[in-house]
Amino acid sequence: MSMAGGGSGGPVGSAAEDGGPPAPERVLFPPTFSVSEIKNKQRRHFMFLRWKQQQRKEKLAAKKKRRKEREALGDRAPPKAIPKTIENQRVYDETTVDPNDEEVAFDEATDEFAPYFNRQTVPKILITTSDRPRGRTVRFCEQLSTVIPNSHVYYRRGLALKRIIPQCIARDFTDLIVINEDRKIPNGLVLSHLPDGPTAHFRMSSVRLRKEIKRKGKEPTEHVPEVILNNFTTRLGHSIGRMFASLFPHDPQFIGRQVATFHNQRDYIFFRFHRYIFKSEKKVGIQELGPRFTLKLRSLQKGTFDSKFGEYEWIHKVCLSNNNSPAWEGRLNLT
């Protein structure tokens with residue numbers, strides 16, 4: 001064993017001493033090495049952190065180099081490259097409409113929400129739940145009622161929606177909101193505009209109550225909030241945006257400095273509730289009040305809720321486009 005060890009190590013040392021070609025440096029890892037090949041967990045994590053740190057350094061050095069080159073070239077510097085994102089790579093949606101289109105204006109003047117936008121009705125909302133709701137769903141409904149003015153929370157006790165809707169119409173409710181849950185977590189929202197519909201079914205996710213939001217503001221006041229609707233630009237998006245708008249009274253009370261935002265991005269609707277304050281003429285500070293949640297439209301049905309004989313205007317269906325990327329039939333927005 002000792003002779004074999006000495007024989008293997010001798011020629012390398014003698015080549016260096018005799019002035020021959022220097023021995024190549026020892027390669028720690030092969031060129032195709034992957035961190036995942038390291039068996040030791042701690043060592044693998046350490047090497048991954050080193051690799052990430054090196055990537056950040058190289059990225060920062062390249063950024064500084066490009067900035068110096070642009071400063072040196074001045075006006076002759078080439079324009080900045082526009083990064084490719086999911087938003088700017090989306091295929092143009094033919095259903096995107098112009099707000100000034102006469103056909104769109106006629107449809108909006110004669111649809112189910114026209115009485116609200118003509119100030120003929122005052123929003124009155126009924127918020128209910130699935131049968132026997134759990135504590136988290138109950139608290140979510142209570143907090144949602146503080147966001148939507150003139151809303152009332154009633155809990156179902158085995159009563160079918162088809163029996164609830166006539167009672168709501170008889171009591172002059174303009175909208176019905178049903179919060180569904182699964183495994184004690186709110187996971188669905190049904191919004192039905194009364195008395196003639198339409199009815200929208202949403203999948204709900206990422207629900208956060210007020211106590212779960214970091215750096216939240218104080219409890220919201222009873223002032224009527226402002227409403228912001230972003231990126232509801234298609235025919236379907238117009239209908240959904242008008243449905244959300246009809247939940248809130250027309251004239252917001254700006255003294256309350258509260259704003260409810262429905263932001264549509266990649267067909268997901270993000271809801272946030274904030275209070276803002278003007279720190280100066282140019283700076284504005286905001287505080288999130290909660291709750292927050294994300295909606296995904298599953299279907300839009302004509303008329304009030306009818307699971308058996310209802311006529312659907314739109315149903316979520318995933319297909320593959322020409323570039324093998326998911327495409328949604330009847331997108332809500334184009335951003």
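If you read the sequence from its start, that first residue is 1, and numbering goes on from there.
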Acceptor/donor pairs from residues 73-85 side chains to any protein atom, 3.5 angstrom cut, sequence neighbours excluded:
unit_1: T85; atom_1: OG1; unit_2: N88; atom_2: N; d: 3.3
unit_1: T85; atom_1: OG1; unit_2: N88; atom_2: OD1; d: 3.3
unit_1: T85; atom_1: OG1; unit_2: N88; atom_2: ND2; d: 3.2

Identify each donor-acceptor pair in which a side-chain atom of residues 54-64 lies under 3.5 Å from a protein atom, sequence neighbours left out, and give them as a table.
unit_1: Q54; atom_1: NE2; unit_2: E58; atom_2: OE2; d: 3.3

Identify all side-chain donor-acceptor contacts of residues 272-282 below 3.5 Å with residues at least two apart in sequence or on another chain.
unit_1: R275; atom_1: NH2; unit_2: E219; atom_2: O; d: 3.1
unit_1: Y276; atom_1: OH; unit_2: E226; atom_2: OE2; d: 2.5
unit_1: S280; atom_1: OG; unit_2: K282; atom_2: N; d: 3.4
unit_1: S280; atom_1: OG; unit_2: K283; atom_2: N; d: 3.2

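In this structure, I240 and L300 have side chains that are in contact, with non-hydrogen atoms separated by less than 4.5 Å. Side-chain contact between L194 and I165 is present, with heavy atoms from C-beta onward closer than 4.5 Å. With contacts defined as side-chain heavy-atom distances shorter than 4.5 Å, the pair V178/L189 does not qualify. Side-chain contact between K41 and R44 is present, with at least one heavy-atom pair separated by less than 4.5 Å. E112 has its side chain within reach of P198: a pair of non-hydrogen atoms, C-beta onward, lies under 4.5 Å apart.
In this structure, T221 contributes its side chain and G256 its backbone to no donor-acceptor pair below 3.5 Å. Side chain of N264 to main chain of N231: a donor-acceptor pair is present (N/O by atom type, distance under 3.5 Å, no hydrogens or angles). Panel note: side chain Q253, backbone V224; a donor-acceptor pair is recorded below 3.5 Å. A donor-acceptor pair under 3.5 Å is absent between the side-chain atoms of Q167 and the main chain of I164, judged by distance alone. Q301 contributes a side-chain N or O that, together with a main-chain N or O of D306, makes up a donor-acceptor pair within less than 3.5 Å. Between the side chain of D182 and the backbone N or O of I185, no donor-acceptor pair lies under 3.5 Å. Under the 3.5 Å distance criterion, the side-chain polar atoms of D98 are left unmatched by any main-chain donor or acceptor of D101. Using modelled atom types, one side-chain atom of S151 and one backbone atom of S145 make a donor-acceptor pair closer than 3.5 Å. For the pair S192 (side chain) and A200 (backbone), a donor-acceptor distance under 3.5 Å is absent.
To the nearest 0.5 Å, the span separating CD on E313 from OG on S239 amounts to 6.5 Å. A distance of 5.0 Å separates CZ in F270 from OG1 in T294, rounded to the nearest 0.5 Å. Rounded to the nearest 0.5 Å, atoms CD1 (I179) and SG (C141) are 5.0 Å apart. In this structure, OG1 on T261 lies 9.0 Å from CG on L229, to the nearest 0.5 angstrom. To the nearest 0.5 Å, atom CZ of residue R156 and atom CG of residue D131 are 6.5 Å apart. Atom CZ of residue F293 and atom CD1 of residue I269 lie 9.5 Å apart, to the nearest 0.5 angstrom.
The two residues T304 and P195 come nearest to each other via the heavy atoms CG2-O, 3.5 Å. V147 and G290 get closest at one heavy-atom pair: CG2-O, 4.1 Å. Listed here is the closest heavy atom pair of A114 and D111: N-OD1, 3.1 Å. Considering all non-hydrogen atoms of both residues, P291 and Q143 come closest at CB-OE1, 3.8 Å. P225 and P149 get closest at one heavy-atom pair: CD-CG, 3.7 Å. Taking all atoms of both residues into account, the shortest heavy-atom contact from D175 to S246 is OD2-O, 3.8 Å.
Residues satisfying the side-chain hydrogen bond (donor to acceptor under 3.5 Å, both in side chains) test with D251, not counting sequence neighbours, are R119. For D196, there are no side-chain hydrogen bond (donor to acceptor under 3.5 Å, both in side chains) partners two or more places apart in sequence or in a different chain. Contacts of D107 classified as side-chain hydrogen bond (donor to acceptor under 3.5 Å, both in side chains), with partners at least two apart in sequence or in another chain: R235. Partners of F244 by ring-ring contact (aromatic ring centres under 6.0 Å, His included), not counting sequence neighbours, listed by chain and number: F202, F262. Every residue meeting the ring-ring contact (aromatic ring centres under 6.0 Å, His included) condition with H152, not counting sequence neighbours, appears here in chain and number order: F173. Taking T146 as the reference, R210 meet the side-chain hydrogen bond (donor to acceptor under 3.5 Å, both in side chains) condition, with sequence neighbours excluded. In this structure, H223 has no ring-ring contact (aromatic ring centres under 6.0 Å, His included) partners at least two apart in sequence or on a different chain. Taking Y116 as the reference, H250 meet the ring-ring contact (aromatic ring centres under 6.0 Å, His included) condition, with sequence neighbours excluded. Residues passing the salt bridge (Lys or Arg N to Asp or Glu O under 4.0 Å) test with D172: none are found, sequence neighbours excluded.
More than 12 heavy atoms of other residues, nucleotides or ligands shown are found within 6.0 angstrom of NZ on K162. In R134, the CZ atom is not crowded: 12 or fewer heavy atoms of neighbouring residues, nucleotides or ligands sit closer than 6.0 Å. Shown here is Q42, whose CD atom has no more than 12 heavy atoms of other residues, nucleotides or ligands within 6.0 Å. Environment of CZ in R50: sparse, with no more than 12 heavy atoms of neighbouring residues, nucleotides or ligands closer than 6.0 Å. The number of heavy atoms from other shown groups lying within 6.0 Å of CZ (R136) is above 12.
Looking at T128, I148, T129 one by one, the single match for side-chain contact (heavy atoms from CB on, under 4.5 Å) with I177 turns out to be I148.
Each of L236 and V104 belongs to its own hydrophobic cluster when Ile, Leu, Val, Met, Phe, Trp and Tyr are linked at side-chain heavy-atom distances under 4.5 angstrom. No continuous path of hydrophobic side-chain contacts links I125 to V190 [ILVMFWY only; heavy atoms under 4.5 Å]. Both M204 and M243 sit in one connected hydrophobic cluster of ILVMFWY residues. Membership requires side-chain heavy atoms under 4.5 Å apart, directly or through other members. Hydrophobic clustering (ILVMFWY, side-chain heavy atoms < 4.5 Å, transitive): F113 and L126 are in distinct clusters. The same ILVMFWY cluster, assembled from side-chain heavy atoms under 4.5 Å apart, contains both F140 and L247.
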Practice task
Start with the C-alpha distance between F232 and H238, add both sets of side-chain angles, then the distance that settles ring-ring contact (aromatic ring centres under 6.0 Å, His included), and finish with yes or no.
Solution key: CA-CA 6 Å; F232 294 88; H238 270 246; 9.1 Å; no
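K216 has no carboxylate O lying under 4.0 Å from a charged side-chain N of E288, or vice versa, which leaves the two without a salt bridge.
Under a cutoff of 6.0 Å and an axis angle of 45°, R242 and F117 form a cation-pi pair.
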